Amino acid sequence: MSITRIADALSGEIPVGLEITIAGWVRTRRDSKAGFSFIHVHDGSCFNPIQVVAPGELENYADEIQRLTTGCSLQCTGTLVESGGRGQSFEIQAATVEVLGWVSDPDTYPIQPKQHSFEFLREVAHLRPRTNTFGAVTRVRHAAAQAIHRFFDDNGYYWISTPIITASDSEGAGDMFRVSTLDPENPPRNEKGKVDFKQDFFGRETFLTVSGQLPVEGYCLSLSKVYTFGPTFRAENSNTSRHLAEFWMVEPEIAFADLDDLADLSEDFLKYIFKYVLERCGDDLQFFEQRIEPEAIKRLESLVNSEFVRIDYGEAIEILEKSGAKFEFPAKWGLDLQTEHERYLTEKHFSAPVIVKNYPKEIKAFYMRLNDDNKTVAAMDVLAPGIGEIIGGAQREERLDVLEARIAEHGLSTEAYDWYLDLRRYGSVPHAGFGLGFERLINYLTGMANIRDVIPYPRVPGRAEF
RNA sequence: UCCCCGGUAGCUCAGCUGGUUAGAGCGGGUGACUGUUAAUCACUAGGUCGUUGGUUCGAAUCCGACCCGGGGAGCCA
């Protein structure tokens, strides 16, 4: 016996009158002594549940069907019919309803057919996928991941699985989680009394990666167009709605390319994903628009249809200085743009996504290519209305001598980056890449306010349950 | 890490100028009723008021400490 997805049953593509079997979980039950019950069943295949009409003649009607509560699992075989009621086009006239799993204590079952606070749902992260919101988030997240892979595949990129365990103790971004098999109670010590990591699993200190960028550059400088898409870890004590200790990042890297090529890529890339999700997740997005963020769909559509504005950092500072707007922190050449500045540019001044390019070298990473003015580097940020920075990237420094000097300027050791410098010693070419925080993208796509609610089991300081 | 706010029933909250037996809606149970749409109506069960110490004749309410959660800032993606 095969099970029909509820999405297919509701699609209109299955002929009315056909007998089908569906399986899923009860969202609500309403019943009538006059002779039947309405059971809304969801199986995750789409936003809407299907309505099962269970007649009182069913042999288990009184002792089972009338005892169904939210969360019970069941399998139902019956005839697909046009619905007599409002709210759905099709429903199932049940011939059999088999209860697969009861909710053992309906009195305390946490997921009810009502609005819960997201704070509460985080405490039951294993049950929250049963809610409308988290089902919809999950489908959008999946669609976005698919869109990313398809975009790159369509455009000749290779997906590179860069390592999660890394020996580089400084990939240029944030504090790292240590990976070790040493006994924390009694670690081996060297002559100086320090922990002897030579005796650790890898014979040296190792950490969880904070970025796949450096290793992926090695593949870029042979396969030309590559990207990473995987988990990333930051051991920073950040407690905000925009930070996770474990999150997913997308990092394309392209050879024979400069900053303008990278800006083109970021614009095409974002538009492709947004269009893809708009096409595939209509019902889910409609739900977000109704219940989560009234602008959810509008802002996606407007981004897809807008031309991204491109300006230099210097011009951005000028605009902000001349704006006459009151900022908590003044905009000044040499300082990074604050969230309030980014919002002014995208929401007030241009009313469009803005790509800001060529930042002062002092506020950017060592591997970003030094411009001829000797003051700025070829870095860019994509700023989107309503969210701020969504992408950060740069053309990489491909000149060996300049890169060595920049490493020294940043007080880093050239030894640690020797393999990275090899890429400049042997067949170096201009190349560029950016990083996109996947969960931040999902926040933007769904309108969900907290990053902890767009990843299945969020890891944040002091919390790693489930 | 810093600054704010909060913790009362399974959930969402009210009660907080200290004063008999701590309330509502939803959810659960029972019944009524109905092609219903987070149905409706009636009845009913359910609480060590985050923990702990203190002030007081008396603390959910005031004070201290601790724990937990949230928002903002910094860092960043």
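Just so it is clear, the model here is predicted, and its values are computed rather than measured. Here is the naming used below: chain letters follow the sequence lines, and residue numbers restart at 1 for every chain. Keep in mind that the numbers below use all heavy atoms, side chains included, and drop hydrogens, waters and symmetry copies.
Applying a 4.0 Å cut-off to non-hydrogen atoms, the residues of residues 110-124 of chain A that approach RNA chain B are A/Q112, A/P113, A/K114, A/Q115, A/H116, A/S117, A/E119, A/F120, A/R122, listed by residue number. Taking a 4.0 Å limit (strictly below) on heavy-atom distances, residues 262-271 of chain A does not reach RNA chain B anywhere.
Going from atom CG of A/L68 over to atom P of B/rG27 covers 16 Å, rounded to whole Å. Rounded to whole Å, the distance from CD on A/Q51 to C1' on B/rU36 is 7 Å. Separating the CG atom of A/D105 from the C1' atom of B/rA45 is a distance of 13 Å, rounded to the nearest angstrom.
Residue A/L244 is classed as a base contact, given a heavy-atom separation below 4.0 Å to a base. As judged by a 4.0 angstrom heavy-atom cut-off over every strand, A/R452 is placed among residues touching the sugar-phosphate backbone only.
Counting only residues at least two apart or on different chains, the ring pair (Phe, Tyr, Trp, His ring centres under 6.0 Å) pairs with a member in residues 75-116 of chain A are A/H116-A/F120. Sorted by first then second residue, the side chain to side chain donor-acceptor pair (under 3.5 Å) pairs that include residues 8-17 of chain A, not counting sequence neighbours, are A/R5-A/D8.
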Contact list (N/O, under 3.5 angstrom) for nucleotides 46-52 of chain B vs protein:
none

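A search for side chain to side chain donor-acceptor pair (under 3.5 Å) contacts involving A/S161 returns nothing, not counting sequence neighbours.
Taking every side-chain heavy atom of A/R30 into account, B/rU37 is the closest of B/rU37, B/rU1, B/rG74.
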